[in-house]
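For reference, the structure discussed in these notes is given below.
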Amino acid sequence: MEFPLNKTFTILIFSLFGEVSLHMISEVVGRDVLLPCLFTPESNLDPEKLIINWQGTDDNSVVHSFYSNVDHPEYQNQKFRGRTQLFPKVILNGNASLQLRRLTLSDNGNYTCYVIQHDDHAYVKIVVELRVLDTDTSQVTEDNNLEDQIPKEQIRTLGTAAAFFVIVGIGIGIGIKIAIRKSIMKKQRHMDPENALEDYKLYLTKKYSTMINSNMSKCYASLMRTVDVTYPKKEGKFIEGINGGGSDNTKEIKPTEMLSVALGKKCSSKRILMVGDAGVGKSWTVTCMRQEWASESNEQPFKCIIILRFHDLNKVKEKTTLRKLLQSKCSSLSEVLSALLLDPHDVLITLDGLDEFHHQLSCDAPIRDIDIDTEADVNVLVSDLICGQLLPAAHILVTSRWNNDQIKINKKYFDCILAISGFTTNQLRQYCDVFYQDKETASKMYQHFTEKETITYLACNPLNSYMLCNILKTCKDYSEGVTAVPVTQSKLFSLFFDSLFSHGTPGTDQSHKLSATDLEKCKDRPHDKIVETILKVGKLSYHYLLSGKHNMVEKDLIAFDINPTFLSSHLSNLILEKKWDNRSSFEFYHAMIMEQVAAWYCADLVRDKAEELIECLDLWCLGKVPQNSKNPLCIEAAKWPEHKKNLFSFTKMFMGFLTAGRGGNFWKSAAPLSDSTSQALVRWFRDWLCTDIKQSELLNLMHCLFELHDNKVTEEVSPHIKRIDFYNISLSLLDIAALCYSLRHSQVEKMDLRLCDLKDQGIRQLEEVIAKCKSVSISSNKLTEESARIISNILQEPSCALERLSIGTNHLQSSGAQMIWKALEKNQRLKRLYLYDNGITDKGTEIMPECLKHNKTLEVLHLCGNTFSDCGQRNIQRVKELRADLKIVVKIADDEELVDRVENEVTQLISDFGQYDREWLTNILRTILRDLGDEISITNTRTETKIGNIKQGIQIVQRKLKWDAIAEL
């Protein structure tokens, strides 16, 4: 048959470069199969230059690699190891066929054979389609003779194709075949672990370079941050105040050095948890760690660092494998993952943003037989990574916002917890210096941040600092930035938006700045294009918040009628534009900003619709799905039931925007709630408080009240809050501000704030609240004599309602104790005071008799764990003589009830001592032994027996601790 010249040329090119799919083979599960690949060998073929590479056609996984006259199993995909074989005796005769043994259903698919003889000759590329059957459908004869297994028709076809390649290779193919050979060799380079890691680092460096122009990125990477290092503890008490607070280990280090404290000699941690408030910088910290590793600027403890984001894992609906998850984030490592994970002791896998995960972890499930190629639901893979069933030797770092229920349940699986704090005043000053790059301007900005208390606690959050810096940067007069002092995060965000549209967008072409005329039009036209577009972005943000998506891609922008130019011009300080292959996508700088924009849209939609408003709150906070609702927000949420009440942060911002202005310029003016909306919210808050409310839920309820900041609603809701229990929940300054606001009209009966990391600044914020409470526990909060001064002032207030105060296991010292004795000289309300383990010595007892003799109400005083010599003991005895009705407990043995509790706790420690930090536990046991003294002096037989039991139990625990330490070595 005659072909026109152009068709002949097309066939030639296709034969030379295209896939020559010549075979389809069927075989049964469990049997072996031969995948044919024949080529015409050159007469002078050099075995050392011959390359044969079998790969999966679809995923390029290496099935078998042969070059330099030997096999290279180190590059082979793990699923094929030990199951493939070439036949060296016939290779030089032109036969590169591959035997694949013990077939499984997962072997279904296409396989490509590449053969390169030398640089100046064409290569052969043959595709074989393999179908693996469950049952035998034909008679297959097994024979060891390789030639007999290949049908003659296939031999003839392959021979013709190979001969054709030889002919065309002499012409146009030679130069291109050299390039193809180099491409194949490049693939072989990627199969080498060291080279693949270098390529991965190069990719990360290039990717990072697109982000370093952001002020936020520059500032954060260079700043020192404060991190508290603790260890997972058993939920519950040890003894009052001495209850698993961990060692006082606070570090100030750079983000890139965060893991150094967890990987030191004291705690060679494998499972590490990094927690902090939203916007404190957890995600950026792990990004900085990876970039530091990629840059190799310092000696790194890890061979490889891989980050998986939980918002990406939410998109995984089908069962998958850990290998596929890791490959999806670092495709350049695909071929060497097996080698890396074979001994993963120097591999770090970071799981970022657990609070965004839509699935429930199942770490407590029975032991599963699982490896990196086991197919399972994504929550199973994540759970087994965390609990150590999967890759137990690898380092796993999980980040999450504080006070997440998933953290509470599963924190026992972590060796170390790193709690990132907000900016200290010094760090805030450094942030201003780096952000403004001008010391005079930075000094003025810092002054604005610190002269108003409401701005100070907002500015402690790095994301809020970023907004505040941008707000003040756009103001012509620095004082203009604080004319309307933001009190809440939602009001701060509104002010930030006002700065973007009233003063232009910093760092962008100021031609996008809105004129006064434009703003006036916004006020007169509620559906002005600017406002309308922002609401569309909010609608898309709400959709993303529920669905777990983050990247705004072209199809979604079209679906929601959003102009990409608007995002890049007017919202560049909120949204990052990413470009590749002449395409753009957009992503919010932080998930919290997406939540704020989504909350803005939702508040605008339902603020005057009381029934729909309550439906939304019930759904977002309580998980109650309304039946037959026509509410568009509930209808959208019903499409994504997996969010599982993960919307607390979003909801509190929603509350704040309910009072946003109307008339177009809604980001600037404020509008009061309608009476129907106000009363509906009061009933909703009261109903919530009547439920069996959890710690985290109560804290979020307070944040909702705080962000709403409606005096009428707060005045009616606050009296219904009678008890506060935030034991072992770290409270930020913003949390404390929300607590104080919510309790402004409440007479709290009992408030438990032990192990809340309050420090002196927190006690200063809580001064008015503490004065109104009957019972307050603030033990184990790193309080100093400054807090003692505040407590002393509270006790001297005539209106002070305190009857019970526990302030043990702090650092009040003798000077702090003296302040409290002086206060008790005037106070006639306090009945029980716990000052154990506060570093109080003889000096702290000097004025004690003179002060307490005037007090008539104190009934019990605990001073265990402090150090008193004979002089101190005499002063305490003098108090007892002056106040016969006052019970003073200096030793554990002095109080039978306390002895019983310590005995029970020590008995429990024998079985679960491993849940405590070894250093903290060793010190606390030593303190208890010292306090117990010699039981010979105890006259009560029952108490003597119990003291003996406690000492015996402590010795058992100490021996276990010692052998545990030896075992680690």
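Being a predicted model, the structure only gives us computed values, none of them experimental.
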Heavy-atom closest pair, residues P462 and G279: CD-O, 3.4 Å

Would you mind reporting whether L861 and Y834 have side-chain heavy atoms less than 4.5 Å apart? no

Using a strict threshold of under 4.0 Å (side-chain N to carboxylate O), is an ion pair present between E716 and R686? yes

Residue pairs passing the salt bridge (charged side-chain N to carboxylate O under 4.0 Å, His left out) test with at least one member in residues 791-803, sequence neighbours excluded, are E803-R829

Rounded distance (nearest 0.5 Å) linking atom CD1 of I736 with atom CG of L766: 5.0 Å

Are T907 and N904 close enough, and set up right, to give a side chain to side chain donor-acceptor pair (under 3.5 Å), and what steps lead you there? CA-CA 5 Å; T907 301; N904 291 335; 5.6 Å; no

Atom CZ of F648 and atom CG of L701: how far apart are they, to the nearest 0.5 Å? 9.0 Å

Looking at D885 and R883, does any basic side-chain N land under 4.0 Å from a carboxylate oxygen? yes

Within this structure, what is the CD-OG distance for the pair Q427 and S465, rounded to the nearest 0.5 Å? 10.5 Å

To the nearest 0.5 Å, tell me how far I693 CD1 sits from L699 CG. 10.0 Å

Does S746 reach the main-chain N or O of I721 with its side chain, forming a donor-acceptor pair under 3.5 Å? yes

Hydrogens and angles aside, do Q796 and S792 bring a side-chain donor and acceptor to less than 3.5 Å of each other? yes

Of I791, I807, I840, which meets side chain to side chain contact (heavy atoms under 4.5 Å, CB included) against L812? I807

Does L802 form a side-chain contact (heavy atoms from CB on, under 4.5 Å) with L795? I'd like the steps, not just the answer. CA-CA 8 Å; L802 275 174; L795 291 173; 4.1 Å; yes

Please list all pairs passing the salt bridge (charged side-chain N to carboxylate O under 4.0 Å, His left out) test where one or both residues lie in residues 755-780, with sequence neighbours left out. D228-K759, D757-K759, D757-K782, R764-E786

Which pairs pass salt bridge (charged side-chain N to carboxylate O under 4.0 Å, His left out) with one or both residues in residues 842-854, sequence neighbours excluded? E850-K853

If a pair satisfies ring pair (Phe, Tyr, Trp, His ring centres under 6.0 Å) and one of its residues is in residues 734-782, list it, with sequence neighbours excluded. F706-Y741, H709-Y741

State whether R878 and E881 are salt-bridged, where the test is any N-O pair (Lys NZ or Arg NE/NH1/NH2 against Asp/Glu carboxylate O) under 4.0 Å. yes

Output all residues satisfying side chain to side chain contact (heavy atoms under 4.5 Å, CB included) with S815, sequence neighbours left out; order by chain, then residue number. E785, Q813

So how far is it from K282 NZ to D277 CG, rounded to the nearest 0.5 Å? 7.0 Å

Kindly write out the residues that satisfy side chain to side chain contact (heavy atoms under 4.5 Å, CB included) with D725, not counting sequence neighbours, or none if the list is empty. Q695, Y727, D752

Are S779 and T809 linked by a side-chain donor-acceptor pair shorter than 3.5 Å? no

